[in-house]
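Everything below concerns the one structure shown next.
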Amino acid sequence: MATLPRSSRYPPGPPSTISQRPASEFDAGINTSAAWTEHLETGTPAPSVSKARSRQYRSESDARPSLSEDEAEYEPEMMTRPARVLYAFEGKAEFRELRVEASDEVDVVKEDVGDGWSLVRDATGEIGLLPQTYYTLTVDFSLSPDLQLDVTKEREASSSSITPRGSPRSSQAQSSPSPLILQHTGEWLPAFPSFRRSLLGGKTLNRFSSFVTSGAESFLLNGSSVPALPPETKVNGHAKEGTSASMLETLEEERAKQNFLGLGEADRHAIDAGPAGPVWRAKTPSFSVLVHSPSKMTSGISGAYTMYSVTSLFPVPPTPAAPADWVEVADPDDLHPPSPTTTSEAATRITVQRRFSQFVMLHTALSRRLPGIVLPPLPEKQYAGRFSEDFVEARRGDLERYLNKIVRHPVLRYAEVVVFFLGCENDGEWARLLPQHLSAPAAGPAFYARVYHPAFNVDLEDAEDAIDSFRTHARAVGKGVQGLRSVFGRVREARIEMSKAERLLSYSLLSLITSKPIASAPAPGITSEEEGEDTPKHSNEKGADKKKGLMNKDGAWCWREGCADCLKLTKAVQKTCETLQTVANLYDGHARRTQLATHESLKLMAHPSSLYESVITTHKSTLSPYREAVGSGTGPTYADEDLVARCETVLNTTMAEMDVYHTQKGEDLKMVAVDHLDGEIAFYEQILTRLKAARSIYNDPQYADLASSPRLPSIYEKDLSFNPSNPDSGTNPHLVPRPLPQPCPHVYDSAPMRPVSVAIQEGVGMFLGDSAGRGSVFGRFW
């Protein structure tokens, strides 16, 4: 083993065992070799976080050559502090760790080299790493006048060939170890470091958890350094005098550089102290987004796709109207009076064209730049039937709800990529700036480094209670919303059944006044005489004679000719039948359009525990080091102020996200309830209006005017016709409604598996065609 290089002298540290440990990127069990070598080469204290990032570790082969025997004779002795080992430690030789036994005496060369490790020298003179919790300094121990120990028996040397043990010795010459007694120091560390702290350097074993992928773990362990701007290149020669336009371009380029590196104003986020905990500070007012006018486009490269119009509405706050000296009075004879003057200007509108793949780009960029923010789920891709009218409308609604969820977030709405997505109208500018946003580095721990919040505003017990209550509440809300979605689906099915019942009632009344049977199963309780079965002598009668007596020549429901009363009643009941058909259409349309939109809106509140699982995991993972840093409260604490500050930053971020959920949860439920009630009110008002109009016909003078002309056949009478020679003529398509469209599933919905027979049938239908009129693949080629 080569002689170790010398270490510079430095005075021993203060006897206090609680010290402010500098932040370091030292990783126990992984980078111990590099840190150990560098300390022996430089002999300097542990560098700060910013210096540690730019530091280049040197290997052991780059160390200075060992000293000769003559040089070693004049080598000054290192300043050490005596200590005694409390627990046996089996160190790894490849990591430069010592192997010691309990009660061994060692000399502490440097008490803190980072991450809870010390540089010590054992009795044989070997220097290596040892956890700080495995030894105690003996400089504070005092002799016991009453305690007599037998110190004549020496401990036998270890048989290990790697780290041989000798008789105990220290930097201070002592003939024999003095009898010592332990004294209570008032503090205690865990006897055995955890597996995560000793082997993984404090890192989480699950490297795929959101606590790791978001950069929160790296921020807690190592902090984050702000990246520097790239150096500007100087151009030789004469410089052109700057003009206002060139200065503006320079400022825009500088701003683009800062935004690219995450140094812009949009990357600085502030948290305020709210009444119930940390809340995000909103920099910009909220606005709304509309996704409308989907159209099918075709590209020679990507093929067919759907283009959506995205319109951002920025409301302008109303301004007080200035007092006028005169008042304009509208002309009562003017057929087109001017619209009333408003004191507020119209909302600012910005409309851009976006396709679904660009929404995916927005979601990806936001997840990279804002890893600590919960993003709403983006609708999944669909490859079959993506151009059908029902799917395009459902996708349009999902994208609109997705964007509105983003712009309602106090941090997401002023993100640079969101402003670019909603405001870039030029295709050339989009093509130029899109690669920059896609290639921007992930924020990682830098996101948490740019979160500013009040200091010492997090209580450990409050943080633990908050996450437990939040998780329980989120699970209960998710379960309740799933039940509400299921019940609302049955409500829509009931409206379809109500539509079918109203339509059947209309056909029954129309069949009564026209004496035409309904194309359905015969009603129970009808006798054979009422059924009208013909006897053989009547079988040869003409068809006109069969219908004689059912209706008169005016089409009235009477066997008498010229009966005005029956004519008025027949026409009024026919109007009632047509009104009931309109009511049936209203029920059907209300369930398929208005209630479908409300059913889709319920997805805004679905699966909160799954959406906020990253916040829950990050919060719980941060509580562990935070609890260790601030102490349990029942005993002394070992506070690392830097670690505590970083833990509070992460906890402020997660608790601010919980507040966002609390706010948006109330807004979503209020919006769903208001939309449902408004839709029901409008729906029943339409029904009431039509029912009142049908009822008014039975009142004079409208009822008396019905006898002025003969009855015309109703448009619904053709649905009552039945031709025995054509069995299909008796099938009424209106009595068998179309399948009710269902909302697109949520990303976290557990969709049931389709039966194998259905999958095979759909696959065969794709190639050979099906009864629904969809063409086959072979038919397209043909």
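We number each residue from 1, following the sequence as shown. Just the heavy atoms: all of them, side chains too, but no hydrogens, waters or symmetry mates, feed the values below.
- In this structure, H676 and F488 have perpendicular ring planes: the angle between them is above 60°, well past the 30° mark.
- Contact check on R401 versus D398 returns a salt bridge, with a Lys/Arg side-chain nitrogen under 4.0 Å from an Asp/Glu carboxylate oxygen.
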(Q) Let's go through H269 and Y414 carefully: what are the C-alpha distance in whole Å and the side-chain angles of both, what is the deciding distance for side chain to side chain donor-acceptor pair (under 3.5 Å) to 0.1 Å, and is it a yes or a no? (A) CA-CA 10 Å; H269 318 294; Y414 62 77; 3.0 Å; yes
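- Between atom CG of residue L434 and atom CE of residue M361 there is a gap of 5.0 Å, rounded to the nearest 0.5 Å.
- Salt-bridge formation is not detected for the pair E667/K670: no Lys NZ or Arg NE/NH1/NH2 atom is positioned less than 4.0 Å from an Asp or Glu carboxylate oxygen.
- Here the OG1-CD1 distance, from T622 to I467, works out to 9.5 Å after rounding to the nearest 0.5 Å.
- Residues S293 and R396 fail the side-chain proximity criterion, which asks for heavy atoms closer than 4.5 Å.
- Using modelled atom types, no side-chain atom of Q686 and backbone atom of L586 make a donor-acceptor pair closer than 3.5 Å.
- With sequence neighbours left out, H619 forms a ring-ring contact (aromatic ring centres under 6.0 Å, His included) with no residue at all.
- A heavy-atom distance below 4.5 Å is not found between the side chains of M658 and H473.
- Residues V289 and L313 form no side-chain contact, since every pair of their non-hydrogen atoms from C-beta on lies 4.5 Å or further apart.
- With hydrogens and angles disregarded, no donor-acceptor distance shorter than 3.5 Å links the side chain of S486 to the backbone of Q482.
- Counted by atom type alone, S614 and S210 present zero donor-acceptor pairs between their side chains at under 3.5 Å.
- Not counting sequence neighbours, the partners of R281 by the side chain to side chain donor-acceptor pair (under 3.5 Å) test are D272.
- Residues P743 and L596 meet the side-chain proximity criterion, which asks for heavy atoms closer than 4.5 Å.
- For the pair K296 and F387, the cation-pi test (distance below 6.0 Å, angle within 45°) is passed.
- Rounding to the nearest 0.5 angstrom, the gap separating the OG atom in S601 from the NZ atom in K603 is 9.0 Å.
- The local environment of NZ in K283 is crowded, with over 12 non-hydrogen atoms from other residues, nucleotides or ligands closer than 6.0 Å.
- Side-chain contact between S214 and T618: present, with at least one pair of heavy atoms (C-beta onward) separated by less than 4.5 Å.
- Between the side chains of E657 and W280, at least one donor N or O sits under 3.5 Å from an acceptor N or O.
- Contact check for L403 versus L362: side-chain heavy atoms found under the 4.5 Å cut-off.
- Scanning for side chain to side chain donor-acceptor pair (under 3.5 Å) contacts around D588 gives R592, with sequence neighbours left out.
- Using cut-offs of 30° and 60° for the angle between ring planes, the F470 and Y612 rings count as perpendicular.
- Remark: E416 does not engage R369 in a salt bridge, criterion side-chain N to carboxylate O under 4.0 Å.
- The local environment of NE2 in H662 is sparse, with at most 12 non-hydrogen atoms from other residues, nucleotides or ligands closer than 6.0 Å.
- The closest side-chain heavy-atom distance from E400 to V310 is not below 4.5 Å.
- Under a 4.0 Å N-O distance rule, the pair R495/E680 qualifies as a salt bridge.
- For the ring-ring contact (aromatic ring centres under 6.0 Å, His included) test, residues two or more places apart in sequence or in another chain that qualify with F359 are F421.
- Every residue two or more places apart in sequence or in another chain that forms a side-chain contact (heavy atoms from CB on, under 4.5 Å) with V747 is listed here: P377, E380.
- Annotation: ring-ring contact (aromatic ring centres under 6.0 Å, His included) contacts of Y308 (sequence neighbours excluded): none.
- With R450 contributing its side chain and D267 its backbone, the two residues share no donor-acceptor pair below 3.5 Å.
- Here the straight-line distance linking atom NZ of K479 with atom CZ of R475 works out to 12.0 Å at 0.5 Å rounding.
- For Y587 and F683, the ring centers are positioned less than 6.0 Å apart.
- Residues H437 and F420 bring their aromatic ring centres within 6.0 Å.
- A donor-acceptor pair under 3.5 Å is absent between the side-chain atoms of Q436 and the main chain of L433, judged by distance alone.
- For R395 and F356, the positive end sits near the middle of the six-membered ring, less than 6.0 Å away and at most 45° from its axis.
- Counting heavy atoms from C-beta outward, P376 and R408 have side chains that stay 4.5 Å or more apart.
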